[in-house]
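Inspection log for the structure reproduced underneath, given as structure tokens.
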Amino acid sequence: MSSRKKLIAGNWKMNKTSADAVALCTEIVAAVGRQADVEVVVCPPFTAIESAAKVLDGSNVKLGAQNMHPEASGAYTGEISAGMLRALFATHVILGHSERRAYFGETDAFVNKKVLAALKNQLKPILCVGETLAEREAGTTLKVVQTQLEGGLEGVSKDQAPTVVVAYEPVWAIGTGKVATTEQAQEVHAFIRGLLVKLFGDAIAQKVRILYGGSMKPANAPELLAQKDIDGGLIGGAALEARSFVDLVNAAAAAK
Ligand code: PGA
């Protein structure tokens, strides 16, 4: 049994209008808005953050964004800063998601700037790492994960580290219905924990939540969440409906 509180975060990606977000958040708050066993975060698109915030206000469900720019303000057309997210009461931000890396060219160095800017603004980064299918087949999974993790966390202090959340998301399992086996997932999670020990020392590394992401569903969640180093989930598809998202929160509560 771990002392880390499980965390279930919903990554809505480019789905839902602000009216849709009100409806979905209303259902989530009604079902799990008062429980405190599991930390619950929803990450709507930017355009729905303000309307979601109003529904989540006063509940235990927290608000996150899916991305941000490292600079505080300026000539960055189309971008959003940490301060803007804080002003809407966001507490978390997903950074370095594989879709951002693959489609928008985000490098470890750029993701690192965002991580540092998020922490400076009291936003908790959910730093995503994970290998592609080709990398897994080439046997380079751990090397890829190590490079992304160490690159993303460069310059993070021991004081800041416990607020960081890491999400291990094998790219080949995202949105594909192809979930990693519990052994595959736990192996990488334990490896990440070991890297965190080297970076920050054992006591701090034991506080960091490491989420699994990639086709996590109510049916496969209990087994994944029972693993020693799997502290929750970053949920895509199954976060778009209240029923499956709430079932995942309940699975995390049962696994604690
Ligand atoms: P999925 O997405 O649950 O739809 O596989 C997870 C993610 O990309 O964060």
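All values derive from a computational prediction rather than experimental measurement. In what follows, every heavy atom counts, from backbone to side chain, and hydrogens, waters and symmetry copies are set aside. When a ligand or atom number is given, it counts from 1 through the structure's own listing order.
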Relative to the heavy atoms of [X], which atoms of ligand 1 are at a distance of less than 4.0 Å?
| X | result |
| --- | --- |
| Lys13 | 2 (O), 7 (C), 8 (O) |
| His97 | 7 (C), 8 (O), 9 (O) |
| Glu169 | 6 (C), 7 (C), 8 (O), 9 (O) |
| Gly214 | 5 (O) |
| Ala173 | 5 (O) |
| Gly175 | 1 (P), 4 (O), 5 (O) |
| Gly237 | 1 (P), 3 (O), 4 (O) |

Look only at interatomic distance and state if Lys217 has a nitrogen or oxygen under 3.5 Å from any nitrogen or oxygen of ligand 1. no
Purely on distance, is any nitrogen or oxygen of Ile235 under 3.5 Å from one on ligand 1? no
Within less than 4.0 angstrom of ligand 1, does Ala238 place any heavy atom? no
Sub-4.0 Å heavy-atom contact, Gly213 with ligand 1: no
What I want to find out is whether Glu131 reaches Lys143 closely enough, with some N-O distance under 4.0 Å, to be called a salt bridge. no
Please check if the number of heavy atoms outside Glu106 that lie under 6.0 Å from its CD is greater than 12. yes
Hydrophobic cluster membership, Ile204 vs Val164, 4.5 Å side-chain cutoff: yes
Could you check whether any side-chain N or O of Glu39 sits under 3.5 Å from a backbone N or O of Lys5, counting only pairs where one atom can act as donor and the other as acceptor? no
Between Ser215 (side chain only) and Gly177 (backbone N and O only), is there a donor and an acceptor less than 3.5 Å apart? yes
Evaluating non-hydrogen atoms only, which member of Pro170, Gly236, Gly130 is closest to atom 3 (O) of ligand 1? Gly236
Are Pro45 and Asn15 packed together at the side-chain level, in the sense that at least one heavy-atom pair is separated by less than 4.5 angstrom? no
Candidates Lys6, Arg193, His189 - the one meeting side-chain hydrogen bond (donor to acceptor under 3.5 Å, both in side chains) with Asp231: Arg193
